[in-house]
Amino acid sequence: MSDNVTQNDQNPLPHSDFDRRLREAKAKLPGAGREAKGGDDGRDVGRAGMAAGFRIAVELLAAIVVGAGIGWGLDQWLGTRPWLLILFFILGAVAGLMNVYRTGMELDRAAKAKRVAEQAERNRGGR
């Protein structure tokens, strides 16, 4: 080892000090403590929408890639280039679109159930 080793390299700080400094840094961030207050400023809705969008995109892309991969593999094995690749690419795209439709319907049902539950909660609280 060289002589340029710092004190922190030789004696690292304990984990508890790191945890304390991490909590202090998080407290300085904008919106810190929002989770503890239970406030919903619309960001959770945006995050849920982004998560749903990523889920849909990944499902569509995965179905297309898997379909094209199967077609390519069969083309290599059977020597039918490029016909099975094209066929399975189309089948993968159709399967991906069906998954997107099912996911959309599932998300819609969940959103409707949440709205109904919130409306029932508001009605109970107003009596």
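- Minimum interatomic distance between Ala63 and Ala95 (heavy atoms only, all atoms of both residues): CB-C, 4.3 Å.
- Cluster partners of Met105, using a side-chain heavy-atom cutoff of under 4.5 Å among ILVMFWY residues and allowing indirect links, are Tyr101.
- Other members of the cluster containing Met50 are Phe54, with ILVMFWY side chains joined at under 4.5 Å, either directly or via other members.
- Screening Leu74, Ile64, Val66 for a side chain to side chain contact (heavy atoms under 4.5 Å, CB included) with Phe88, the sole residue that qualifies is Leu74.
- Linking ILVMFWY residues whenever their side-chain heavy atoms come closer than 4.5 Å, directly or via other members, places Val100 and Phe89 in the same cluster.
- Both Trp83 and Ile90 are part of a single hydrophobic cluster, where members link through side-chain heavy atoms under 4.5 Å apart.
- The same ILVMFWY cluster, assembled from side-chain heavy atoms under 4.5 Å apart, contains both Leu84 and Ile70.
- Residues Arg109 and Glu106 form a side-chain contact, since some pair of their non-hydrogen atoms from C-beta on lies under 4.5 Å apart.
- The pair Arg23-Asp19 fails the salt-bridge criterion, with no side-chain N (NZ, NE, NH1 or NH2) lying under 4.0 Å from an Asp/Glu carboxylate O.
- To the nearest 0.5 Å, atom NZ of residue Lys112 and atom CG of residue Asp108 are 4.5 Å apart.
- The pair Glu24-Lys28 does not meet the salt-bridge criterion, since no charged nitrogen lies less than 4.0 angstrom from a carboxylate oxygen.
- Looking at heavy atoms from C-beta onward, Asn99 lies out of side-chain contact with Leu60 at the 4.5 angstrom threshold.
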